Asker: 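If you scroll down you'll find the structure; I have some questions about it.
Every chain is numbered from 1, with letters handed out A, B, ... down the list of sequences. Heavy atoms only: backbone and side chains are in, while hydrogens, waters and symmetry mates are out. Keep in mind it's a predicted model, so treat the numbers as computed, not measured.
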Amino acid sequence: MPTITMYTTQTCASCQMVKKWLTMKDLKWEEVRIDQFPERQQEAIDLSSSTTVPVTVIEKPGSMKSVVVGFKPAQLAEAIS
Amino acid sequence: MPEDKDASQASKVHDVVMVGAGPSSLAAAIYTTREDLDTLLLEKAVIGGLAAITDRVDNYPGFPEGLTGMELAQGMEKQAERFGAKIDFGTVTKLSRDKKLNLIRVQTEEGPEFSAKTVLIGTGSHYRQLDIPGEKEFYGRGIHFCATCDGAFYRDKKLVVVGGGNSAIQESIFLTRFASEIEILVRKDKLKASEILIEELQGFIDSGKIKVRYNSTAEEFLGGGEDGKFNSVKAKVDGKEEVIKCDGVFVFIGLIPNTQFLKGSGVELDEAGFVKTDLSLMTSVPGVFSSGDCRSGATMQIASATGEGATAALMIRQYIEGK
């Protein structure tokens, strides 16, 4: 099972779509609300080289960390496969 | 034997496949499912479309205090699902008509192809880009099109908003939650936004939080320093060039219909790319209907889109019954 961390804001509709997609795949995630914890914004910026959410970080044992910026089902599917 | 989902979907004939799951399709789905029509919605991005990323909706009837676009979209989604609508993620790349079987084939980027007696095109629209130097380079890292997604990155920072319509003003007001200072660049000498929004904006102008620059256009987005990060907008204000230092820019300068995938489908578009329909909201291809923001003549209002969705659903039922 991959470890998933998602950087979001409360008002972000694309973030809701990533959550819905992960739920459809029976996956769990840790959510970091950057509007609630601005001190963690820099983590999202460093991981994605962007100032946008959602940023989804997928780590599978023994493989590279994947970072998906935005709601991109094809990229998410590849990252969890 | 376990069901092969893709194979079963491919062989199944839906009563209606809706391309896009914005307010128009969701409203249509509430009606078609209540008529027991097998309804599948395919959405490539956000369920609820642009409405879902809008900070506040104050003009949708039935909500006297207003609500967030996301709340409205989620309510519509739940209501459609309550009656049996199936919503899947998928990017439709092609529509074609099987004249022999009198069906519409819906092809997706992800692989599965769907068959339907009817199709509703409710793909909505997306925000127009400025198409100026630096826009692509700094997209998502300085230049943005979604305030509710990316505004939180600009706490105590200076922002520029480009546009003078409802979206630009509404989202500028939303961005004051985070930004210390906002300059709005308006191309003309007045705002196009609704009076009620202009009145609300005035409060922020009076407090010095927002400044409106008329007769102003963004000409280029600039970066610099060791890291090459975005840091300013080259603008033309009253015909004079000016460099405005800022941390980010949000662009709301109008909408473009999401109809590019219809090329070669036989569905007729108008000169701006919107889908042409007749009075029954049927397109030039029999069995293919369209409603909402992507339809030629659309008023780009959520209430209009849901109304058109309901109309399209009734016309779809009539078409199927008359088949």
Side-chain angles (χ1 to χ4, degrees), chain A residues 4-27 29-58 66-81, chain B residues 5 21-22 42-56 68-74 77 81 87-91 108-111 138-157 159 171 174-175 177-178 227-230 247-250:
Chain A
I4 301 173
T5 308
M6 196 188 339
Y7 295 84
T8 67
T9 63
Q10 188 188 19
T11 52
C12 160
S14 298
C15 302
Q16 297 299 327
M17 293 304 110
V18 177
K19 289 185 207 172
K20 192 178 172 80
W21 190 90
L22 293 174
T23 304
M24 284 162 70
K25 305 283 176 196
D26 284 328
L27 293 167
W29 63 89
E30 185 212 343
E31 184 172 5
V32 181
R33 283 261 314 273
I34 61 140
D35 50 339
Q36 209 171 10
F37 301 103
E39 68 278 10
R40 297 194 65 180
Q41 275 184 17
Q42 196 56 45
E43 287 172 35
I45 296 171
D46 292 343
L47 284 159
S48 67
S49 304
S50 68
T51 45
T52 188
V53 286
V55 174
T56 309
V57 184
I58 298 169
S66 305
V67 179
V68 179
V69 184
F71 173 51
K72 292 171 186 146
Q75 283 185 27
L76 288 168
E78 199 184 324
I80 62 160
S81 65
Chain B
K5 194 182 162 202
L42 295 171
E43 172 57 56
K44 72 169 184 178
V46 174
I47 297 169
L50 279 188
I53 67 166
T54 302
D55 163 41
R56 221 153 165 85
T68 66
M70 198 194 290
E71 285 167 340
L72 182 60
Q74 286 175 341
E77 178 188 353
E81 285 181 331
I87 306 174
D88 257 350
F89 290 115
T91 304
T108 64
E109 193 177 271
E110 293 76 10
F138 296 113
Y139 182 91
R141 40 192 210 100
I143 311 305
H144 303 270
F145 297 83
C146 177
T148 52
C149 306
D150 306 332
F153 283 97
Y154 295 96
R155 201 177 291 272
D156 302 322
K157 308 270 187 196
L159 289 174
E171 301 307 308
F174 171 78
L175 288 167
R177 292 183 197 188
F178 306 105
D227 51 11
K229 268 172 39 179
F230 168 78
D247 300 286
V249 178
F250 286 79

Asker: Picking from A:I45, A:V69, A:V53, A:T8, which has the most non-hydrogen pairs under 4.5 angstrom with chain B?
Answerer: A:V53
Asker: For B:E109, give me all partners under salt bridge (Lys or Arg N to Asp or Glu O under 4.0 Å), at least two apart in sequence or on another chain.
Answerer: none
Asker: Could you tell me how the ring of B:Y154 sits relative to the ring of B:H144: parallel (under 30°), tilted (30 to 60°) or perpendicular (over 60°)?
Answerer: perpendicular
Asker: Name the one of A:R40, A:Q42, A:Q36, A:Q41 that satisfies side chain to side chain contact (heavy atoms under 4.5 Å, CB included) with A:P38?
Answerer: A:Q41
Asker: Return yes when atom NZ of B:K44 has more than 12 non-hydrogen atoms of other residues, nucleotides or ligands closer than 6.0 Å, and no otherwise.
Answerer: no
Asker: Flag the pair B:F89 / B:E110 as yes when at least one side-chain heavy-atom distance between them is below 4.5 Å, and no otherwise.
Answerer: no
Asker: In terms of heavy-atom proximity below 4.5 Å to chain A, should B:E77 be classed as side chain, backbone, both, or neither?
Answerer: side chain
Asker: Contact part of B:F138 toward chain A, heavy-atom cut-off under 4.5 Å: side chain, backbone, both or neither?
Answerer: neither
Asker: Is A:W29 close to A:V57 at the side-chain level, that is, under 4.5 Å between some pair of heavy atoms?
Answerer: no
Asker: Do you know which of B:G151, B:A152, B:G140 has the most heavy-atom pairs under 4.5 Å to chain A?
Answerer: B:G140
Asker: Looking at B:F178 versus B:F153, is the centre-to-centre ring distance below 6.0 Å?
Answerer: no
Asker: Side chains of residues 74-81 of chain A: which donor-acceptor partners sit under 3.5 Å, not counting sequence neighbours?
Answerer:
unit_1	atom_1	unit_2	atom_2	d
A:S81	OG	A:E78	O	2.8

Asker: With a 4.5 Å heavy-atom cut-off (strictly below), which parts of residues 11-18 of chain A touch chain B? List them by number.
Answerer: A:T11, A:C12, A:A13, A:S14, A:Q16, A:M17
Asker: Report which part of B:A52 has an atom under 4.5 Å of a heavy atom belonging to chain A: side chain, backbone, both, or neither.
Answerer: both
Asker: Considering residues at least two apart in sequence or located in another chain, which fulfil the salt bridge (Lys or Arg N to Asp or Glu O under 4.0 Å) criterion with A:K19?
Answerer: A:E31
Asker: Which atoms of B:E43 come close to chain A, meaning under 4.5 Å heavy atom to heavy atom: side chain ones, backbone ones, both, or neither?
Answerer: neither
